[in-house]
Amino acid sequence: RLSGCMLRRRRSEVLEDLPPRTDTTIPMPMTPEQTQEHDALDPPIRKLLAIRRRRPLTPSEFLRLMTLMLKQRVISNGLAQFQFTEVWPQLQSVTRPAPELLKSLSSPKLLELREILPQLCIQQERKVVIFSQFRRMLVLADFAVRDLLADAGVRAVFFTGQEKLPRRTQNLVDFHDDPATRVLFASDAGGVGLNLTAADYVFILDPWWNPAAEAQAVDRTHRIGQTRSVFAYRLIAKDTV
């Protein structure tokens, strides 16, 4: 019934119409403190996997396994996220973090963002989408760069489940239409029809369990309507889960 007024094409059929896309994985070292916390969870994980080789895990055992692996993923982002409830109250009042303070967060990914974002958003006036599955990591990322952005009159906005729908919608409008709004912190690929073609740089701070969902996140920028080359960077902690 719709064939007379609707054209449907698969992504593979429109790839030739899209600009080039470059995907780069950046291996990130961990601090000794991160490595210690991460590796301390290996023995209980190995114990559960040994049980799994003999019999199926019970629901409680499976939940325990996923919880341990989730903790390792959080630690891979940084100890500041792992210890967020203790660390964040001390950071909230800091408007201009010193280098020593940022290093104390044990999160090389935050230091990398602080190095790269000013080059893209300020010097080159690019718009950037930063994805993480953890809002706390996005809050820390905003903390790490907001003084540099503010000095240049640049804004960052959030698109996560914590913002109410009117605010989420307004943040998207600002990101697309306001030249000064150049960073979007997003916790997922968003709803149906989400279009982020205003950005041509994407940073994925932590990989999805589901690679298809991760690909969808990048595809929000690399789709019909995008006129510039798209660059996607994945920050992956080395020697981790």
Side-chain angles (χ1 to χ4, degrees), residues 26-42 44 66-122 128-164 167-168 171 174-175 180-188 203-207 233-241:
I26 303 178
M28 300 297 303
M30 290 206 302
T31 65
E33 294 81 6
Q34 275 180 285
T35 301
Q36 182 178 359
E37 291 284 354
H38 179 278
D39 294 352
L41 299 177
D42 283 345
M66 296 305 295
T67 300
L68 290 170
M69 295 180 70
L70 178 62
K71 287 182 178 180
Q72 285 193 319
R73 293 182 66 208
V74 171
I75 293 169
S76 299
N77 274 347
L79 290 188
Q81 182 187 338
F82 186 58
Q83 302 164 348
F84 187 85
T85 54
E86 296 83 19
V87 171
W88 182 242
Q90 305 171 30
L91 302 179
Q92 282 183 294
S93 59
V94 178
T95 57
R96 189 172 296 274
E100 296 77 14
L101 175 59
L102 291 174
K103 289 181 181 179
S104 71
L105 301 180
S106 287
S107 179
K109 293 182 180 182
L110 297 181
L111 299 178
E112 185 74 11
L113 276 183
R114 187 174 174 86
E115 182 72 22
I116 294 177
L117 276 191
Q119 301 176 25
L120 297 176
C121 299
I122 299 174
V128 178
V129 180
I130 299 175
F131 282 107
S132 173
Q133 291 192 292
F134 306 98
R135 193 181 194 279
R136 290 180 173 182
M137 185 60 178
L138 296 176
V139 169
L140 291 169
D142 178 55
F143 169 79
V145 302
R146 64 188 177 195
D147 62 313
L148 301 178
L149 299 181
D151 289 345
V154 173
R155 292 180 60 230
V157 293
F158 282 80
F159 186 87
T160 71
Q162 187 163 325
E163 291 79 40
K164 294 183 179 179
R167 171 46 54 191
R168 284 160 57 100
N171 285 350
D174 291 345
F175 184 66
T181 305
R182 298 179 191 165
V183 180
L184 178 70
F185 292 108
S187 61
D188 54 41
F203 287 87
I204 295 181
L205 298 184
D206 38 76
Y233 294 92
R234 292 171 172 84
L235 306 186
I236 307 297
K238 295 192 298 184
D239 303 320
T240 67
V241 64

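Every value quoted in this text rests on a predicted model; they were computed, and no experiment measured them.
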*Asks:* Any idea which heavy atoms bring Asp206 and Arg73 closest together, and the distance?
*Replies:* OD1-NH2, 4.4 Å
*Asks:* Do you know which two heavy atoms are closest between Leu113 and Ala141, and how far apart they sit?
*Replies:* CD1-CB, 3.8 Å
*Asks:* Does the side-chain contact (heavy atoms from CB on, under 4.5 Å) test come out yes or no for Val129 and Phe175, once each step is laid out?
*Replies:* CA-CA 10 Å; Val129 180; Phe175 184 66; 3.9 Å; yes
*Asks:* Drop me the distance from Leu148's CG to Gln119's CD, to the nearest 0.5 angstrom.
*Replies:* 11.0 Å
*Asks:* How close do Gly161 and Ser187 get, heavy atom to heavy atom, and via which atoms?
*Replies:* N-OG, 3.9 Å
*Asks:* Go through Val241 and Lys71 one step at a time and tell me if the side-chain contact (heavy atoms from CB on, under 4.5 Å) criterion holds.
*Replies:* CA-CA 10 Å; Val241 64; Lys71 287 182 178 180; over 6 Å; no
*Asks:* Taking Thr160's backbone N and O only, do any of them form a donor-acceptor pair with Glu163's side chain (distance below 3.5 Å, no angle check)?
*Replies:* yes
*Asks:* List the atom pairs, donor and acceptor, that lie under 3.5 Å between side-chain atoms in residues 29-37 and the rest of the protein, sequence neighbours left out.
*Replies:*
residue, atom, partner, partner atom, Å
Thr31, OG1, Glu33, OE1, 3.4
Thr31, OG1, Gln34, N, 3.1
Gln34, OE1, Thr31, N, 3.1
Gln34, NE2, Ile75, O, 2.8
Gln34, NE2, Ser76, O, 3.4
Thr35, OG1, Thr31, O, 3.2

*Asks:* Classify the ring geometry between Phe203 and Tyr233 as parallel (under 30°), tilted (30 to 60°) or perpendicular (over 60°).
*Replies:* parallel
*Asks:* Just verifying a value: how many Å separate Trp88 CH2 and Gln81 CD, rounded to the nearest 0.5 Å?
*Replies:* 12.5 Å
*Asks:* Indicate the atoms forming the closest heavy-atom contact of Leu117 with Ile130, along with that distance.
*Replies:* CD1-CD1, 3.7 Å
*Asks:* Is any NZ, NE, NH1 or NH2 atom of the basic residue among Asp142 and Arg135 found under 4.0 Å from an Asp or Glu carboxylate oxygen of the other?
*Replies:* no
*Asks:* How long is the gap from CZ on Phe159 to CG on Asn171, to the nearest 0.5 Å?
*Replies:* 9.0 Å
*Asks:* For the backbone of Glu86 and the side chain of Gln90, can you confirm whether one donor and one acceptor N or O come within less than 3.5 Å of each other?
*Replies:* yes
*Asks:* Going from CG on Asp39 to OG1 on Thr240, what distance comes out if it is rounded to the nearest 0.5 angstrom?
*Replies:* 9.5 Å
*Asks:* So, Lys109 side chain and Leu205 main chain: donor-acceptor pair closer than 3.5 Å or not?
*Replies:* yes
*Asks:* With distance as the sole test, does Arg182 use its side chain to make a donor-acceptor pair with the main-chain N or O of Val154 at under 3.5 Å?
*Replies:* no
*Asks:* Using side-chain contact (heavy atoms from CB on, under 4.5 Å), reason through Arg167 and Val157 one step at a time and then give a plain yes or no.
*Replies:* CA-CA 10 Å; Arg167 171 46 54 191; Val157 293; over 6 Å; no
*Asks:* What residues form a ring-ring contact (aromatic ring centres under 6.0 Å, His included) with Phe185, not counting sequence neighbours?
*Replies:* Phe158
*Asks:* Considering only distance and modelled atom types, tabulate donor-acceptor pairs under 3.5 Å from the side chains of residues 91-106, sequence neighbours left out.
*Replies:*
residue, atom, partner, partner atom, Å
Arg96, NH1, Asp151, OD2, 3.0
Arg96, NH2, Asp151, OD1, 3.0
Arg96, NH2, Asp151, OD2, 3.4
Ser104, OG, Leu101, O, 2.5

*Asks:* Heavy atoms, side chains only, cut-off 4.5 Å: are Val139 and Phe84 in contact?
*Replies:* yes
*Asks:* Show the nearest heavy-atom pair for residues Ser107 and Asn77, with the distance to one decimal.
*Replies:* OG-O, 2.6 Å
*Asks:* So, for Pro207 and Gln133, which heavy atoms are closest and what is the spacing to 0.1 Å?
*Replies:* O-OE1, 3.7 Å
